[in-house]
Number of protein chains: 2
Amino acid sequence: MATIYEVSNLAGVSLATVSRVINKNSRVSDKTRQKVLDAMAELGYRPNSIAQSLASNRSNSVGILVSELHGPFFGQMMAGIEAELRAAGKHVIITCGHSEEDKEKDGIEFLISRNCDAIILHVEAVSDAYLIDLCKGKMPVYFMSRLVEGLNDNCISLDNELGGYLATQSVLEQGHSAIAYIAGPEFKADSKDRLAGHKRALADNNIAFSDTLYFEGDFKETGGSDGLKCFIESKQEFSALICANDEMASGAITYGREQGLSLPKDLSIIGFDNIIFARHTYPKLTTIDNPVNLMGHMAAKLVLKNIYKQKDMSITHSFEPTLITRDSVINKS
Amino acid sequence: MATIYEVSNLAGVSLATVSRVINKNSRVSDKTRQKVLDAMAELGYRPNSIAQSLASNRSNSVGILVSELHGPFFGQMMAGIEAELRAAGKHVIITCGHSEEDKEKDGIEFLISRNCDAIILHVEAVSDAYLIDLCKGKMPVYFMSRLVEGLNDNCISLDNELGGYLATQSVLEQGHSAIAYIAGPEFKADSKDRLAGHKRALADNNIAFSDTLYFEGDFKETGGSDGLKCFIESKQEFSALICANDEMASGAITYGREQGLSLPKDLSIIGFDNIIFARHTYPKLTTIDNPVNLMGHMAAKLVLKNIYKQKDMSITHSFEPTLITRDSVINKS
DNA sequence: TGTTAGAATTTTATCGTTACAATTCAAAGT
DNA sequence: ACTTTGAATTGTAACGATAAAATTCTAACA
């Protein structure tokens, strides 16, 4: 592969001039630029991005850590980040933390060691204290879907509390009052916030929160089936089930039907996230939209603005969930 | 950040010695090694991976191009590749091609310009000729889920023809004979092969392939709904529907029910890929398992073996699909 | 014609490693 | 004590670009 030396030789100009035409920023006369461009074309020259990185102390790469590479939720998120960054000529290095503290820390270390210019994290297991500490380091860190105290400017987050509220409120408005709730893992901030919203809606409507209609799930299909199983076996009365994400809702639907329930007549179910598949469950899932793709774009824009100094980036740090009404919740009256 | 130079100073040894303890391969006396290790620890030294790459002409990164970052299928694939590579200390640079020729070429160019040590491609729109040409270049290229003529050693592929055969055969065995087929885009090799398998099974059973019970879908939910709509509106008789992937099957299920069909009584449906969600459709989707996560691992192993010279890698180039029987296909008799 | 400012270009140092040839060292053999 | 030999270690030159200072042009103006 041709190097910048050969280009400069062929074009009869110095290294620096070639470098300057590559980096378009500073001025080169049209005549010279053309000579250089011709030489580059003739040699099939491609800048060596590694040498560029070493010399400029910029890797043009952004590290991304998500919990899982598969899964509809993270897919949308990565797609958003990648699209935005790719358009700006940056590349993404993706790794995953599996929602486990050690693996998340590991992944972060890994990305740091790869000399990313910034990292965007969707971490769930690691503590706020750790993150605050991390931010004191040299590597710029941004957070997706998580609000870390005092680091608001580095966070792109969803108002999960509001989402939880919306979900419960919408079910209440349909006349339900005995409502079961399957939460995500309690250590996850998303879960906690959604649950808080649920409780607020209950309180607003003077309905007591019942421990026996609460189940801590795992945000996966199994959480939904296990939770519903638990409620059914406890012989309690409830006409609606709120699941803290769509995967659990879908697990609950499958399990419910296996148990002979007619849905949504016997039980109304609402999810959270509005993953693509939500419209293909039966009944079609009423849920709370989580604009995670948009949020991915926004996280990328934040990096573009702060790290790569791109202008004209208007940043929204906080996103709002909205209710998506489909068929899985019916009016009780 | 401390450099190797400072480490060598503090340890009182040369640059080269430090470099050798970092790269564990060549011999250093235990005493010296310990001195260096201590110095590294004291300084909190971390090798600069970019400088390493420049000097060694190795970036320790593998480029990956998939059609989409979201979507259950690609998620599993990326997860497999990443897990394997990450365990070996390599990182992945991921980008996507959206199944469009220009974007795929663009993505490939992009990855090449990033100095990956190898690239793993899941491309659909680009021609074999282009790929054969690409392989003549300096960058090692591997293919996921695609068999390129003459490049077998670089491919990890699924026997799609067999999968198509299996799907149709299993439906035939349940007594169906009027079978509709919704294919993927005809330009995609996967689609073509699955369809070929379908036709072979039909032929084996002396059933004529009917153009009017064939629809070219898009591998997305809409393909399934549009296809089924088309068949229903044409007023033809058919008792089973084969969809070339699970997304389309799920779209068809949703649409079918909207049209008042009772599934699977009125219509048996089978999918392909066995995405996670397939077990949560209603009825639970009978489908063909596509071991794409395993294949991802294998593609990564292939790179580890060929490029990074890791021993003890046994490679399987070709994978076989298997039938997963659930509830969406019933016996017609 | 001679200045001079500003643009265009070149020179030289540097980024933090690895690679390789050259050198030193230590133990064994004569 | 003196080679020999292979292992351990060192010195120095890349790797391919960017950055900043230094220099040369160019054209306008006095």
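The structure displayed is predicted, hence computed values, not measured ones. The sequence lines fix the lettering, A, B, ..., with proteins before strands; numbering per chain opens at 1.
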Is any side-chain heavy atom of B/R146 less than 4.5 Å from a side-chain heavy atom of B/L131?
-> yes
Heavy-atom count around A/D102 CG within 6.0 Å, excluding the residue itself: above 12?
-> no
Take B/S56 and B/L15, find for each the nucleotide of DNA chain D with the closest heavy atom, and name the residue whose nucleotide sits nearer the 5' end.
-> B/L15
Quick one: is C/dG16 close enough that its OP1 or OP2 comes under 4.0 Å of any side-chain N or O from B/T3?
-> no
D/dT9 OP1/OP2 closer than 4.0 Å to side-chain N/O of B/S14 = no
Could A/K105 and A/Y130 be counted as a cation-pi pair, given that NZ or CZ must be under 6.0 Å from the ring centre and within 45° of the axis?
-> yes
Select base, sugar-phosphate, or nothing to describe what B/S29 touches, counting heavy atoms under 4.0 Å on all strands.
-> sugar-phosphate
Among D/dT9, D/dG16, C/dT11, the nucleotide that comes nearest once only the side chain of A/A16 is considered = C/dT11
Tell me: OH of A/Y5 to C1' of C/dT12, nearest whole Å?
-> 11 Å
Please determine if a side-chain N or O atom of A/Y45 lies less than 4.0 Å away from the OP1 or OP2 oxygen of D/dA17.
-> yes
When you measure from the side chain of B/V13, which nucleotide among D/dT9, D/dG16, D/dT10 comes out closest?
-> D/dT10
Check whether any side-chain heavy atom of B/F110 lies under 4.5 Å from a side-chain heavy atom of A/H91, and answer yes or no.
-> yes
So what does A/R46 hit on the nucleic acid, given a heavy-atom distance under 4.0 Å: a base, only sugar-phosphate, or nothing?
-> sugar-phosphate
Mind calculating the distance between CG (B/L54) and P (D/dC15) to the nearest angstrom?
-> 9 Å
What is the distance from CG of B/N115 to P of D/dG16, rounded to the nearest Å?
-> 10 Å
A/K35 NZ - C/dA8 P separation (whole Å) = 14 Å
The nucleotide from D/dT9, D/dC15, D/dA17 with an atom nearest the side chain of B/T32 is D/dT9
Atom NZ of A/K31 to atom C1' of D/dC25: distance rounded to whole Å?
-> 10 Å
To the nearest Å, how far apart are B/N60 CG and C/dT18 P?
-> 11 Å
Round to the nearest Å and state the distance from B/I50 atom CD1 to C/dT18 atom C1'.
-> 15 Å
Taking D/dA17, C/dT18, C/dT9 as options, the one with an atom nearest any side-chain atom of A/R20 is C/dT9
Determine, stepwise, if the pair A/D133 / A/K136 fulfils salt bridge (Lys or Arg N to Asp or Glu O under 4.0 Å).
-> CA-CA 5 Å; A/D133 226 53; A/K136 289 184 185 140; 3.8 Å; yes
Starting at atom CD1 of B/I4, determine the distance to atom P of C/dA19, rounded to an integer number of angstrom.
-> 11 Å
For C/dT18, does OP1 or OP2 lie under 4.0 Å from any side-chain N or O of B/N57?
-> no
Identify whether any heavy atom of A/V18 sits under 4.0 Å from a base atom; if not, whether one sits that close to sugar-phosphate; answer base, sugar-phosphate or nothing.
-> nothing
